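No experiment lies behind these values; they were computed from the predicted model shown. Order of the sequence lines sets the chain letters (A, B, ...), proteins ahead of strands, with each chain counted from 1.
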Protein chains: 2
Amino acid sequence: MAASVKEVAALAGVSVGTVSNVLNRPDHVKAATVEKVRAAIEELGYVPNAAAQQLRVGRSHSLALVVLDVSNPFFTDVARGAEARAEEEGLTVFLANSDESPEREARHLDVFERQRVSGVLITPAEDDFARLEELRRRGIPVVLVDRGADQPRFASVSVDDVAGGGLAAQHLLDTGRTRLAFVGGPLRIGQVADRFRGASDAVRAHHGGTIQLFGTDEMSLEEGRRAGEALRPLVREGRIDGVVAANDLLAIGVERAMLFGDDPIRVPDEVAIVGYDDISFAASAVVPITSVRQPRGLIGATAVELMLEEASRAKGEAPRHVVFAPDLVVRESTGR
Amino acid sequence: MAASVKEVAALAGVSVGTVSNVLNRPDHVKAATVEKVRAAIEELGYVPNAAAQQLRVGRSHSLALVVLDVSNPFFTDVARGAEARAEEEGLTVFLANSDESPEREARHLDVFERQRVSGVLITPAEDDFARLEELRRRGIPVVLVDRGADQPRFASVSVDDVAGGGLAAQHLLDTGRTRLAFVGGPLRIGQVADRFRGASDAVRAHHGGTIQLFGTDEMSLEEGRRAGEALRPLVREGRIDGVVAANDLLAIGVERAMLFGDDPIRVPDEVAIVGYDDISFAASAVVPITSVRQPRGLIGATAVELMLEEASRAKGEAPRHVVFAPDLVVRESTGR
DNA sequence: GAACAATCCTGAATCGTTTCACGATGACGT
DNA sequence: ACGTCATCGTGAAACGATTCAGGATTGTTC
């Protein structure tokens with residue numbers, strides 16, 4: 001069906017090798033010949049067969065990005081950053097969604113391994129690195145994304161969640177709130193634990209500050225609302241004046257619980273709220289929410305960077321770990 | 001680096017043909033041999049090279065899904081549906097994001113054509129079908145997603161937006177609201193125009209109903225809020241008692257404008273609101289919002305179906321168009 | 001035990017590209 | 001006019017899997 005170099009060569013009256021040269025090193029070929037070949041390519045609508053190229057060259061000009069949830073803006077921004085950086089290298093990014101399912105993740109990895117992608121950037125659904133070890137042993141560079149700063153065996157790029165939690169709490173302390181609540185959970189999620197630790201440390205370092213943990217089962221708007229209801233009386237009694245939420249959905253939920261119902265609690269006057277992730281809904285909440293922002297695009301770009309490094313890393317060298325510092329986007333929910 | 005059939009064959013003491021047979025038609029091979037080969041595959045960690053397979057077989061067991069925005073839940077659900085259906089056929093779905101940019105779209109299509117994907121499912125960023133025609137001429141089936149029910153030359157799967165607009169308005173009429181407003185725009189977006197037309201038709205068919213258009217520049221929460229502010233006095237004066245929004249973000253914005261500020265307007269008592277798309281935020285709005293839902297997973301699955309049909313469609317047959325009817329999810333924002 | 005069939009396996013050809021050693025051509029200096 | 005160099009182009013080999021005509025082996029039947 002589709003034309004091949006052979007047909008192009010025949011039409012242009014040259015050999016297949018020359019067609020290939022026109023495509024890959026036009027300067028090695030006389031201008032007139034280049035023109036002839038280009039014309040033939042045009043006429044036949046020739047499109048190189050990636051499979052043949054890859055078979056010959058051994059590598060595919062593509063890399064895989066396996067994320068937990070494509071509909072999460074965090075990951076789509078990471079993907080955008082990765083695509084931009086990859087494009088500079090002439091690499092295509094295949095985006096795959098594991099939906100937090102180890103089975104789906106495994107299926108995707110299988111496909112990508114058969115595809116001989118030149119690297120895998122992944123946020124693993126579980127803490128089981130056996131499959132990834134295997135991939136690496138077989139020569140496919142692996143980079144952990146938003147995970148694994150503590151994994152000596154893999155390169156990784158992540159964000160310092162302890163620092164992020166600290167940033168959120170410190171901001172509240174700096175603006176005069178001293179009786180804080182941390183809303184988030186479950187604590188077995190590393191990110192949540194780190195954010196809580198960072199917040200606690202900041203409060204401990206501040207003379208006279210306190211922080212209470214309000215655990216949640218998941219990081220949803222509904223759970224945030226529930227936690228907010230529980231917080232209401234404490235705020236009324238003056239025992240809580242600032243809330244650090246482990247993500248923005250929780251923060252929005254907490255804010256709603258405060259604002260609604262009879263006897264509304266004013267934000268930020270009676271209670272200030274800080275979220276985490278800086279999703280677009282944080283900025284367009286009823287009272288726009290201050291939030292901790294992660295450098296998402298940069299994370300993606302760096303992951304590609306590390307992947308390239310891994311590809312050429314010497315046996316002895318240790319994989320590199322990049323940890324970014326988050327920053328704070330201040331909005332009305334903590335204003336005065 | 002990676003092992004090939006040849007090495008597996010050598011280790012198992014058989015020919016390459018036999019290894020291939022073990023992989024593809026195990027029943028043509030003696031059980032004992034199968035065992036030997038399997039063991040060799042295991043030992044070498046052999047993974048078939050997709051490029052070589054594809055080169056030989058001619059087709060790639062993959063298809064492309066090019067969407068306008070991966071972070072839009074509509075498309076991620078479509079993708080999920082497509083993946084599920086594709087998997088049944090042993091096909092892998094490559095998800096690509098055009099970000100509404102024709103250039104990015106073109107780049108992706110180039111890559112996919114080189115990859116010889118067995119089909120392209122796409123929501124085009126523009127109404128320029130030249131590139132898609134070309135793809136099809138070169139033997140790659142193309143299916144338009146959420147577009148092109150009016151394109152005689154391409155198969156398509158979409159949702160009846162006229163019916164959806166009608167559904168929304170009819171529901172308001174049925175629950176006793178007769179003085180409606182339609183919020184949405186710009187009207188040059190086909191979907192918006194269709195939804196408005198559907199709503200208008202329903203109102204016109206209802207004795208004594210009216211509907212006013214409130215145009216917006218985009219379909220965002222902020223624009224919804226703006227429109228809501230403009231609607232407030234009309235609601236107060238009793239000249240509007242129901243709102244049909246062209247999407248859920250607008251509906252949420254309108255709701256906020258009603259609910260907040262001094263002198264809140266009660267939803268649904270004073271004004272009822274219907275959104276469109278049924279995004280998760282619609283259900284978790286302050287007053288959960290009634291919304292028109294599209295069968296997203298089904299759209300994806302059907303797109304794959306049509307792609308398969310296209311692949312085997314005879315020259316004379318016309319491409320098929322599937323149009324789904326949306327349905328209504330009733331929530332408190334239109335309750336009594 | 002010869003003839004024949006069934007079963008199992010082999011090995012070469014093939015897909016489309018890139019690569020590379022080497023041949024052809026022409027230009028230049030002497 | 002001849003050797004020397006560049007410059008261009010050629011054509012075959014290679015990548016790894018699949019396919020298929022046909023060879024080898026085993027089993028069955030009279």
Side-chain angles (χ1 to χ4, degrees), chain A residues 1-38 40-41 44-62 90 110-111 113-118 138-139, chain B residues 1-38 40-41 44-62 90 110-111 113-118 138-139:
Chain A
M1 178 94 243
S4 72
V5 266
K6 208 183 295 180
E7 301 166 54
V8 173
L11 180 58
V14 298
S15 75
V16 294
T18 300
V19 175
S20 175
N21 281 333
V22 169
L23 260 22
N24 303 305
R25 318 177 202 53
D27 41 323
H28 283 37
V29 181
K30 197 166 48 170
T33 313
V34 171
E35 218 23 76
K36 266 195 310 190
V37 173
R38 289 255 160 82
I41 288 176
L44 293 173
Y46 165 77
V47 176
N49 183 320
Q53 285 180 319
Q54 175 175 339
L55 175 59
R56 179 59 234 239
V57 175
R59 287 169 321 126
S60 76
H61 283 205
S62 60
D110 285 351
V111 171
E113 189 173 4
R114 298 163 81 106
Q115 219 99 112
R116 302 289 194 269
V117 293
S118 45
R138 298 199 190 131
Chain B
M1 180 93 244
S4 72
V5 266
K6 207 184 296 180
E7 302 167 52
V8 173
L11 180 58
V14 299
S15 75
V16 294
T18 301
V19 175
S20 176
N21 280 334
V22 168
L23 260 20
N24 303 305
R25 319 177 202 51
D27 41 321
H28 283 37
V29 181
K30 195 167 54 170
T33 312
V34 170
E35 219 22 76
K36 266 193 309 188
V37 174
R38 290 255 160 82
I41 287 176
L44 293 173
Y46 166 76
V47 176
N49 184 320
Q53 286 180 319
Q54 177 177 336
L55 175 59
R56 179 60 234 246
V57 175
R59 286 169 319 128
S60 81
H61 284 204
S62 58
D110 285 350
V111 171
E113 189 174 5
R114 298 164 80 105
Q115 219 97 108
R116 302 289 193 270
V117 292
S118 43
R138 299 200 189 131

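As a whole-Å value, the separation of L44(B) CG from dG16(D) P is 13 Å. At whole-Å resolution of the value, CG in N49(B) and C1' in dA14(D) are 13 Å apart.
Annotation: proximity of residues 28-35 of chain B to DNA chain D (heavy atom, distance under 4.0 Å) is found for no residue. Contact check of residues 13-25 of chain A against DNA chain D (heavy atom, cut-off under 4.0 Å) returns V14(A), S15(A), G17(A), T18(A).
How far CZ of R116(B) is from CG of N49(A): 4.5 Å, rounded to the nearest 0.5 Å. Going from atom CD of E7(A) over to atom CG of L44(A) covers 6.5 Å, rounded to the nearest 0.5 Å. For the atom pair NE2 of H61(A) and CZ of R59(A), the computed distance is 4.5 Å after rounding to the nearest 0.5 Å.
For S62(B), the side chain to side chain donor-acceptor pair (under 3.5 Å) test picks out S60(B), with sequence neighbours left out. Scanning for side chain to side chain contact (heavy atoms under 4.5 Å, CB included) contacts around K30(A) gives T33(A), with sequence neighbours left out. Checked against side chain to side chain donor-acceptor pair (under 3.5 Å), E113(A) has the following partners two or more places apart in sequence or in another chain: R131(A), R138(A).
Taking 4.0 Å as the cutoff to heavy atoms of chain A, we find the contact window on DNA chain C bounded by dG16(C) to dT19(C).
Across its full length, the helix from dG1(C)-dC30(D) to dT30(C)-dA1(D) shows an angle of 50° between the axes of its 5 terminal pairs at either end, rounded to 10 degrees.
For the OP1/OP2 pair of dA17(D) and a distance below 4.0 Å, the side-chain nitrogens and oxygens of Y46(B) include at least one atom meeting the criterion.
Of all nucleotides listed (dG16(D), dT18(D), dA13(D)), dG16(D) comes nearest to the side chain of L55(A).
For the pair Q54(B) (side chain) and Q115(B) (backbone), a donor-acceptor distance under 3.5 Å is present.
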Return a table of donor-acceptor pairs under 3.5 angstrom between the side chains of residues 17-27 of chain B and protein atoms on other chains or two or more places apart.
from: T18(B); atom 1: OG1; to: S15(B); atom 2: OG; distance (Å): 3.3
from: S20(B); atom 1: OG; to: N24(B); atom 2: ND2; distance (Å): 3.3
from: N21(B); atom 1: OD1; to: R25(B); atom 2: NH1; distance (Å): 2.8
from: N21(B); atom 1: ND2; to: G17(B); atom 2: O; distance (Å): 3.4
from: N24(B); atom 1: ND2; to: S20(B); atom 2: O; distance (Å): 3.0

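Nearest approach of A52(A) to L55(B), heavy atoms of both residues: CB-CD1, 3.8 Å. Between V16(A) and A9(A), the shortest heavy-atom distance links the atoms N-CB, 3.7 Å.
Position along DNA chain C of the nearest nucleotide to R116(B) versus R56(B) favours R56(B) as the more 5'-ward residue.
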